[in-house]
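A quick write-up on the structure given underneath.
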Amino acid sequence: MPLKLTQPKRKNAISLTPLIDVVFILLLFFMLTSSFVPWRIVDTPLSVASDAPKPETESDNLILTLKLNDNQVWLADQSISLSDQAAFQSLVEENNEGVFIIKAEDGVTLQSLMKLADRLKENGANTVSIANAFAMPESSSE
């Protein structure tokens, strides 16, 4: 009986250490070369005043003012709470043909603005507009 002097072939195992090293080097490279942008306020583009003639039914427009983030809306020096469903429903029913213009003062968050717009739409307002409270800087020709 002949002897087998050759040893059985051993499978070469692939070492994961170099692969992990390469992954960490790539991770480190991308972390160091990327620039992190800090969180910032979202700029919402608002309409700019135009030279177009104003509509004749401007008296139908209703201006609602948000002064603070306190869930209070001001309409002709009267305060209305955003949680007062009956007041909003009667307001929309009385003025549904007009435009509801939302004017926000400095410091009012976009969340408060959208709450008011949603409340008006929930009660059946056809047209809701956001007023541009920021004056455009005059272009100087030098």
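Being a predicted model, the structure only gives us computed values, none of them experimental.
Minimum heavy-atom separation, V99 to S129: CG1-CB, 4.1 Å. Closest of all the heavy-atom pairs between L66 and S112 is CD1-O, 3.7 Å. What you find for F88 and L120 is that their closest heavy atoms are CD2-CD2, 4.0 Å. Taking both residues in full, the closest heavy atoms of L64 and F100 are given as CD1-CD2, 4.2 Å, listed atom of the first, atom of the second, then distance.
Separating the CG atom in L91 from the CD1 atom in I80 is a distance of 5.5 Å, to the nearest 0.5 Å. The distance from atom CG of N61 to atom OG1 of T127, rounded to the nearest 0.5 Å, is 9.5 Å. One finds the CE atom of M114 at 13.5 Å from the CZ atom of R119 (value rounded to the nearest 0.5 Å). Of the inter-residue distances, the one linking I25 atom CD1 with I20 atom CD1 reads 12.0 Å to the nearest 0.5 angstrom. If you take CD on E94 and CG on L62, they are separated by 9.5 Å, rounding to the nearest 0.5 Å. Residue K121 holds its NZ atom at 6.5 Å from CG of N126, rounded to the nearest 0.5 Å.
Linking Ile, Leu, Val, Met, Phe, Trp and Tyr residues whenever their side-chain heavy atoms come within less than 4.5 Å leaves L16 and V23 in two separate clusters. Hydrophobic clustering keeps I63 apart from V108 (ILVMFWY residues linked when any side-chain heavy atoms are closer than 4.5 Å, directly or through intermediates). Both I130 and V92 belong to a single network of hydrophobic side chains, linked directly or stepwise wherever heavy atoms of I, L, V, M, F, W or Y lie under 4.5 Å apart. The cluster map of Ile, Leu, Val, Met, Phe, Trp and Tyr, joined by side-chain heavy atoms under 4.5 Å apart, puts I101 and L110 in different clusters.
A side-chain contact (heavy atoms from CB on, under 4.5 Å) with W74 is found for exactly one of K103, E105, K67, namely K67.
With 3.5 Å as the limit, one finds a donor-acceptor pair spanning the side chains of N123 and Q85.
Side-chain atoms of L116 and L82, non-hydrogen and from C-beta on, do get closer than 4.5 Å to each other.
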